[in-house]
Amino acid sequence: QVQLVESGGGLVQAGGSLRLSCAVSGRTSSSYVMGWFRQAPGKEREFVAAIRWRVGYTYYTEFVKGRFTISRDNAKNTVYLQMNSLKPEDTAVYYCAAGLGYYSSTSGYDYWGHGTQVTVSS
């Protein structure tokens, strides 16, 4: 089993920044892809960013490129999502996930955190 615990969400004004953290524990594997997804009220969960733990390759959805950065700290077993230039449409619950499948699909992940709320006011 793998446990994922997100933190760092909160309320921020448009144009502001937040850094989300995902602490990873349990039977982890360097082969995992670590992903961030988000889900707004009434919408499906959508892909935001992912990183391949072993090699560090990163992937982003178009609407966050240039604003969000995903990274990992091997020593701390933690994945981060730095979010800059936040917009009201970024408001959602953000989830961390770990898996061995396709990076942008929810079905590619086996483990999920409980999520952290990000609210961006206009």
Side-chain angles (χ1 to χ4, degrees):
Q1 287 288 337
V2 174
Q3 292 78 44
L4 306 173
V5 179
E6 304 98 334
S7 61
L11 173 64
V12 64
Q13 288 189 331
S17 298
L18 284 174
R19 188 177 79 158
L20 305 184
S21 299
C22 174
V24 185
S25 62
R27 300 187 66 177
T28 59
S29 168
S30 61
S31 298
Y32 279 146
V33 175
M34 301 299 301
W36 285 98
F37 287 74
R38 69 187 187 187
Q39 189 165 18
K43 294 188 177 182
E44 293 188 352
R45 193 168 298 188
E46 62 181 2
F47 169 72
V48 176
I51 186 168
R52 293 194 180 275
W53 193 279
R54 178 181 295 160
V55 295
Y57 292 159
T58 58
Y59 310 90
Y60 298 92
T61 191
E62 279 300 319
F63 52 77
V64 305
K65 280 184 179 177
R67 299 191 298 126
F68 292 10
T69 303
I70 189 170
S71 63
R72 81 224 189 285
D73 185 325
N74 291 341
K76 295 183 178 180
N77 260 9
T78 300
V79 178
Y80 302 99
L81 185 68
Q82 177 67 44
M83 305 187 295
N84 299 329
S85 301
L86 283 162
K87 305 174 182 181
E89 50 265 43
D90 293 318
T91 295
V93 177
Y94 283 71
Y95 296 90
C96 177
L100 298 171
Y102 190 63
Y103 66 86
S104 66
S105 173
T106 55
S107 62
Y109 294 85
D110 300 305
Y111 302 100
W112 293 84
H114 292 296
T116 184
Q117 176 71 47
V118 171
T119 303
V120 184
S121 63
S122 56

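What you see is a predicted model, and the numbers here were worked out from it, not measured in a lab.
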Report yes if the distance between the aromatic ring centroids of W112 and F37 is under 6.0 Å, otherwise no. yes

Donor-acceptor pair, T91 side chain versus V120 backbone, under 3.5 Å? yes

Using the test side chain to side chain donor-acceptor pair (under 3.5 Å), find all partners of W53 that sit at least two apart in sequence or belong to another chain. N74

Can you tell me which residue pairs pass the disulfide bond (SG atoms under 2.5 Å apart) test with a partner in residues 38-69, sequence neighbours excluded? none

When rounded to the nearest 0.5 Å, the distance separating CZ of R67 from CG of D90 is 4.0 Å

Start with the C-alpha distance between V118 and M83, add both sets of side-chain angles, then the distance that settles side chain to side chain contact (heavy atoms under 4.5 Å, CB included), and finish with yes or no. CA-CA 10 Å; V118 171; M83 305 187 295; 3.8 Å; yes

Who are the ring-ring contact (aromatic ring centres under 6.0 Å, His included) partners of F63, not counting sequence neighbours? none

So do Y32 and V24 actually touch side chain to side chain, heavy atoms under 4.5 Å? no

With side chain to side chain contact (heavy atoms under 4.5 Å, CB included) as the criterion, how do Y57 and I51 come out once you've worked through the C-alpha distance, each side chain's angles and the decisive distance to 0.1 Å? CA-CA 5 Å; Y57 292 159; I51 186 168; over 6 Å; no

Roughly how far apart are E6 CD and L20 CG, rounded to 0.5 Å? 8.5 Å

Could you grab the distance from atom CG of L86 to atom CZ of F68, nearest 0.5 Å is fine? 5.0 Å

Only pairs at least two apart or in different chains count here, so list each disulfide bond (SG atoms under 2.5 Å apart) that has a residue in residues 50-81. none

Is the NZ or CZ atom of R38 positioned over Y95's six-membered ring, under 6.0 angstrom from the centre and within 45° of the axis? no

Within the side chain of R19, is there an N or O that forms a donor-acceptor pair under 3.5 Å with the backbone of Q82? no

Show, in sequence, the C-alpha distance, side-chain angles and deciding distance for N84 and S17, and conclude whether the side chain to side chain donor-acceptor pair (under 3.5 Å) test is met. CA-CA 4 Å; N84 299 329; S17 298; 2.9 Å; yes

Interatomic distance, R52 atom CZ to L100 atom CG [nearest 0.5 angstrom]: 9.5 Å

Report the residues that fulfil side chain to side chain donor-acceptor pair (under 3.5 Å) with E89, sequence neighbours left out, ordered by chain and then residue number. none

Under the 3.5 angstrom rule, does the side chain of Y94 hit a backbone N or O of Q39 as a donor-acceptor pair? no

Does one hydrophobic cluster hold both Y102 and V55, with members joined at side-chain heavy-atom distances below 4.5 Å? yes

Can you list every disulfide bond (SG atoms under 2.5 Å apart) pair that touches residues 11-42, not counting sequence neighbours? C22-C96

What's the spacing between L4 CG and M34 CE if we round to 0.5 Å? 5.0 Å

With a 3.5 Å distance limit and no angle check, can you tell me whether Y60 reaches the backbone of I70 through a side-chain donor-acceptor pair? yes

Reported CD-to-OG distance for the pair Q13 and S122, which is rounded to 0.5 angstrom: 9.5 Å

Strictly under 6.0 Å, is that where the ring centroids of F47 and Y59 end up? no

R54 and S31: CA distance, side-chain angles, deciding distance, side chain to side chain donor-acceptor pair (under 3.5 Å) verdict: CA-CA 6 Å; R54 178 181 295 160; S31 298; 3.0 Å; yes

May I ask you to decide if L11's main-chain N or O and T119's side chain share a donor-acceptor pair within less than 3.5 Å? no

Considering non-hydrogen atoms only, spot the tightest contact between V48 and L81 and give its length. CG1-CD2, 4.2 Å

